[in-house]
Protein chains: 2
Amino acid sequence: MLEEDLEVSEDPNIHLNYYQKEDQVLLAVDCIIFGFDKENLKILLIKRNFDPEKGKWSLIGGFLKKNEDLDQAAVRVLETLTGLNDIYLEQLHTYSKIDRDPGQRTISVAYYALIDVDSHRFDGIQIDSAHWFDVNEAPDLIFDHNEMVRKAKARLKRRALTKPIGFELLPEKFTMRQLQNLYESILDKELDKRNFINKINSLDVLVKLDEKDMSVSRKGAYLYVFDKDKYQKKVEEDGFIFKL
Amino acid sequence: MLEEDLEVSEDPNIHLNYYQKEDQVLLAVDCIIFGFDKENLKILLIKRNFDPEKGKWSLIGGFLKKNEDLDQAAVRVLETLTGLNDIYLEQLHTYSKIDRDPGQRTISVAYYALIDVDSHRFDGIQIDSAHWFDVNEAPDLIFDHNEMVRKAKARLKRRALTKPIGFELLPEKFTMRQLQNLYESILDKELDKRNFINKINSLDVLVKLDEKDMSVSRKGAYLYVFDKDKYQKKVEEDGFIFKL
DNA sequence: TGTTTTAAGTGTGCATTGTACACGTGTAAA
DNA sequence: TTTACACGTGTACAATGCACACTTAAAACA
């Protein structure tokens, strides 16, 4: 904020137009929506039904409005297009290449979201043109959205190793196998079952229920829930770090 | 980007005004500039000489212009105010609280920069009102700049553990003690000298010179340089990760 | 010239964590 | 009752992390 850029109004209490000479820009929000269906990591994309790039696959997005901050804009976009709210959202990066949107100069702030595919019913306005893709089989996207997805995958990988965000992608009750499938999808590598379970158990933040999921094996698999309160108490009291 | 938000021009080749109805905003860039003087981690702040918040300490910043992207804006701001270019810069986070700048609605993209305090001569226009503060003794800052600094410190801590960015803060030639001082400042904890040196040497990316720094001890301490080419070769060929 | 002072430089042993690895069990379906 | 299938469980070895103390080189000083 250089001095030369300023144009100060007479009355310092009138907090308007301090920076009148500056260029203004359009600010968009784009969301990388990750989902998990208990087997594979997915990403939600929509087919653009307007120009530019009509008919191509795209992240969902929208523009920042005057009366909201970026987090609120991301929540609004997510809710408008999918009907979902109360979703895990994290700001990722801001993209600003001059020609990134051929329609008009637009800066985009990317967010990524984590949701459990099966526990939510979609009823957003765009849901007919939306589709879940396996995260490794997603089509080519418009603008710099491919780069956003790449960065989101990398971020998710890092976060999942040090924060218990994986549970955002699972239903409240889940089996060890589902949790392992999730981590294998996120980390994009196979894990050893016994080592994985030992590791998870050593963290001591899951509660094993007396209930089994009989849908996959004849023997059935015990269900677990993530004890969020216990986790947070450990973080606050001992500086505990969830580390896989 | 909702359909209702659009106003498409007649000729799809005229790539202008696709999103005419949308609100535009001011986009600022603010830089957290970390420096190291071979002893302590520092941060560069300036005393604001214009309203609002005139006379208070602040990060350096500026506004995004039409003909540049954010990375370029950050470089420009840094060069204008300090005379320095070719500096390590990384985008940190975008801040958008509605009243964050009481002067006018402004969204700010924070960047952090790493420079070696002693190797650079400052000749930027603002340098008379700028001052290096010990990172733990910095004064209260305007707006949400304290929060930006907090986040930058956390990011630097994480990055320094997995990327060789520490060398950006040191002169080309440095002693093991200086490197250890740097990491102790960044991580904000004391390290064991032998374990530190063993760890660094096991990474095998430093070259020990036949030259000593005699300025601190009578015995003198060997100087080292970071072998960037060797590091990059290891990264590309073996997926090597610099991990402290 | 030798004595003192100061930071530099160096290695080992124990504890913790990571990782590879295989078999018996419970249940439903045939 | 047999079969098929995923579930659930423990150990041994390797690698890494971490605590820990003395000798050395050179300048300053007596």
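Throughout, a chain's letter reflects where its sequence line sits, starting with A, and its residues are numbered from 1.
- Across B/Leu45 and B/Ala138, no two heavy atoms sit closer than the pair CD1-CB, 4.2 Å.
- Residues from residues 207-220 of chain A placing a heavy atom under 4.0 Å of any atom in DNA chain D, listed by number, are A/Ser217, A/Arg218, A/Lys219, A/Gly220.
- Under the side chain to side chain donor-acceptor pair (under 3.5 Å) criterion, B/Glu39 pairs with no residue at all, not counting sequence neighbours.
- B/Lys189 meets the side chain to side chain contact (heavy atoms under 4.5 Å, CB included) test with B/Leu187, B/Leu191; sequence neighbours excluded.
- Screening residues 167-176 of chain B for side chain to side chain donor-acceptor pair (under 3.5 Å), with sequence neighbours left out, gives B/Lys173-B/Glu211.
- Side chains of B/Gln180 and B/Lys193 form a contact here, defined as non-hydrogen atoms less than 4.5 Å apart.
- Enclosure of atom OH in A/Tyr222 is not indicated, since only 12 or fewer non-hydrogen atoms of other residues, nucleotides or ligands lie within 6.0 angstrom.
- With DNA chain C read from its 5' end, the first of the two nearest nucleotides for B/Tyr224 and A/Leu244 is the one closest to B/Tyr224.
- A heavy atom closer than 4.0 Å to some atom of DNA chain D occurs in A/Lys193, A/Arg194, A/Asn195, A/Ile197, A/Asn198, these being the qualifying members of residues 179-201 of chain A.
- Sorted by first and then second residue, the pairs that involve residues 156-175 of chain A and meet ring-ring contact (aromatic ring centres under 6.0 Å, His included), not counting sequence neighbours, are A/Phe167-A/Phe174, A/Phe167-A/Phe226.
- A/Asp71 and A/Tyr111 are linked by a side-chain donor-acceptor pair at a separation below 3.5 angstrom, with hydrogens and angles left out of the test.
- When the salt bridge (charged side-chain N to carboxylate O under 4.0 Å, His left out) test is applied to B/Lys230, the partners found at least two apart in sequence or on another chain are B/Asp204.
- Against DNA chain C, the stretch residues 156-163 of chain A makes no heavy-atom approach under 4.0 Å.
- Applying the side chain to side chain donor-acceptor pair (under 3.5 Å) criterion to A/Lys38, with sequence neighbours excluded, gives A/Asp118.
- Residues satisfying the side chain to side chain donor-acceptor pair (under 3.5 Å) criterion with B/Arg150, sequence neighbours excluded, are absent altogether.
- Note that the first and last nucleotides of DNA chain C, 5' to 3', having any atom under 4.0 angstrom from a heavy atom of chain B are C/dT5 to C/dG11.
- For B/Asp144, the side chain to side chain donor-acceptor pair (under 3.5 Å) criterion is met by B/Arg100, not counting sequence neighbours.
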